[in-house]
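Working notes for the structure below.
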Amino acid sequence: MLLETTGVTVRFGPRAGRTGRTGRGPAPSAALDAVDLTVAEHEIVCVLGPSGSGKSTLLRVIAGLQRPDAGTVRLAGRDQAGVPAHRRGLGLMFQDHQLFPHRDVGANIAFGPRVRGETRAVTAARVAELLELVGLPGAARRPVASLSGGEQQRVALARALAPRPRLLMLDEPLGQLDRGLRERLVVELRQLFRTLGTTVLAVTHDQGEAFALADRVVVMDRGRIAQSGSPVAVWERPASAFVARFLGFRNVVQAVVRDGAAETAWGRVPVPDGSPPGPAQLLIRPAGVRVGETEHAVLRCVVTARTFRGDHVVLLLTPERGPRLEAICLLREAPREGATVPVGFRGEETVLLPPG
Ligand SMILES: Nc1ncnc2c1ncn2[C@@H]1O[C@H](COP(=O)(O)OP(=O)(O)OP(=O)(O)O)[C@@H](O)[C@H]1O
């Protein structure tokens, strides 16, 4: 295992040192609460979570920029306690690129290799090679100030890769760019890391970015790991109501499973075969809400909003009982705003979550 954190805990502020646990969650001051995280050689892992969930603090602890109150960080099996940041062999690329504004592109990228004592010739070759890799061939003499946001991002990446770090750590790598550019760059980044065999630990609050980049995503909630798994596994089977809501699913409701269906505020909803009986929370994906089908209808809803999304329409429904529902349907089948429609549910599109 290239990176292994065990029980990493960080507490900030006046409550530091107090345990204050209730057994149900971390004390309010725990920025990180006993985090165990591994990253294998050549793996791309994205840590994902809402603002304040501890993502940056975790990166800073691994980088050696923040001392943990408890726990260990191992790199290639070696405990990093007492190893300063610059001796950990990590590449860091943080939110605000931190390029040297008064140096040209080449000098920015050359910084790491020069500090490590590489010769001018070796460094120049490395700079040219990296500029080629990040899609900016021949840009070495350009002033940093003349670059667009996306170009600066590429230079920052080249600079982080220049000393051949054993682990590349990215904090919101594409945070400040517009959506179109981010979507393009994320695909390029994944290809680049694959080609180079780079091991990557990235942090982002943008789930689309994490899902496009990562081999594995790690979802954080208030200093703890809420779920870790492949993008597909996490998307298909969120481990909790928190993860489901964080992924943008809206239809999460209290339920009691009995006789092959979940009893909810919306009525009886079919659930997958073999679902254990008892209290739970239920996620119904928007595709599992059948709109306008009278045969399986259990509920009547008013169409509160329709959002056009290209080939389909997202409907916000206000039911006669229970919280609002989100549904998707084909444009040509979408009911009008204000219409009252019968609604039923598809069991294959439901996921049972632990009780809240
Ligand atoms: N230097 C600090 N002093 C006090 N509290 C801090 C410090 N740094 C972070 N925190 C707190 O620790 C918690 C985790 O912060 P962190 O920056 O790691 O979260 P994050 O998930 O990276 O958030 P964001 O996405 O907004 O960057 C937050 O409650 C934050 O207020």
Side-chain angles (χ1 to χ4, degrees), residues 3 5-22 24-39 44-73 80 84-85 88 90-98 149 153 156 160 167-179 182 185-186 189 200-214 216-229 231 234 238-240 242-248:
L3 169 71
T5 76
T6 318
V8 165
T9 299
V10 172
R11 293 176 193 286
F12 289 114
R15 286 164 170 260
R18 265 187 53 176
T19 49
R21 301 250 189 100
T22 60
R24 294 195 59 225
S29 58
L32 292 178
D33 191 29
V35 172
D36 298 342
L37 174 77
T38 56
V39 181
I44 304 176
V45 173
C46 273
V47 178
L48 186 62
S51 185
S53 57
K55 308 180 296 293
S56 302
T57 305
L58 180 59
L59 275 202
R60 291 173 55 78
V61 169
I62 295 165
L65 301 169
Q66 166 76 49
R67 214 172 57 81
D69 293 306
T72 53
V73 175
Q80 298 295 298
R88 294 193 178 190
L90 307 173
L92 305 181
M93 183 176 144
F94 283 176
Q95 267 180 48
D96 44 3
H97 329 151
Q98 297 169 331
Q153 211 86 31
L167 175 67
L168 180 65
M169 301 213 296
L170 313 171
D171 191 355
E172 302 280 353
L174 308 175
Q176 291 160 356
L177 304 176
D178 64 63
R179 177 159 287 280
R182 273 194 349 227
L185 270 178
V186 85
L189 278 182
V200 180
L201 179 63
V203 151
T204 175
H205 67 275
D206 182 312
Q207 24 141 329
E209 202 169 296
F211 278 66
L213 187 62
R216 185 154 56 88
V217 293
V218 173
V219 184
M220 290 199 63
D221 175 20
R222 290 167 298 169
R224 291 181 170 186
I225 293 180
Q227 189 170 8
S228 166
V234 172
S240 64
F242 166 82
V243 175
R245 290 207 174 92
F246 181 70
L247 296 179

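Just follow the structure's listing: the first ligand is 1, and inside any ligand the first atom is 1. Note that the structure is a prediction, hence the values are computed from the model and not measured.
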What's the separation between atom CE in Met93 and atom CG in Leu59, rounded to the nearest 0.5 Å? 12.0 Å
When you compare ligand 1 with Gly54, is there at least one nitrogen or oxygen pair between them that comes in under 3.5 angstrom? yes
Per atom 28 (C) of ligand 1, closest listed option by heavy atom (Gly52, Ser53, Ser56, Gly223): Gly52
Residues at least two apart in sequence or cross-chain that pass salt bridge (Lys or Arg N to Asp or Glu O under 4.0 Å) with Arg88, listed by chain then number, are none
Looking at Thr9 and Gly7, would you say the former's side chain and the latter's main chain have a donor-acceptor pair under 3.5 Å? yes
Applying side chain to side chain donor-acceptor pair (under 3.5 Å), can you list everything that pairs with Ser228, at least two apart in sequence or on another chain? Arg216
Please confirm whether Pro50 approaches ligand 1 to less than 4.0 Å, judged on its heavy atoms. yes
For ligand 1, is any non-hydrogen atom under 4.0 Å from Lys55's backbone (N, CA, C, O), its side chain (CB onward), both, or neither? both
Run the numbers for me: atoms of ligand 1, each under 4.0 Å from some heavy atom of Ser51, listed by number. 23 (O), 24 (P), 25 (O), 26 (O)
State, to 0.1 Å, how close Val61 and Val8 come at their nearest heavy-atom pair, and which atoms those are. CG1-CG1, 3.8 Å
Would Gly49 count as a contact of ligand 1 if the rule is a heavy atom under 4.0 Å away? no
If you measure from atom 18 (O) of ligand 1 to every heavy atom of Val10, Thr57, Val61, Val47, which option wins on shortest distance? Thr57
Using atom types as modelled and distance alone, determine if a side-chain donor or acceptor of Lys55 lies under 3.5 Å from a backbone N or O of Pro50. yes
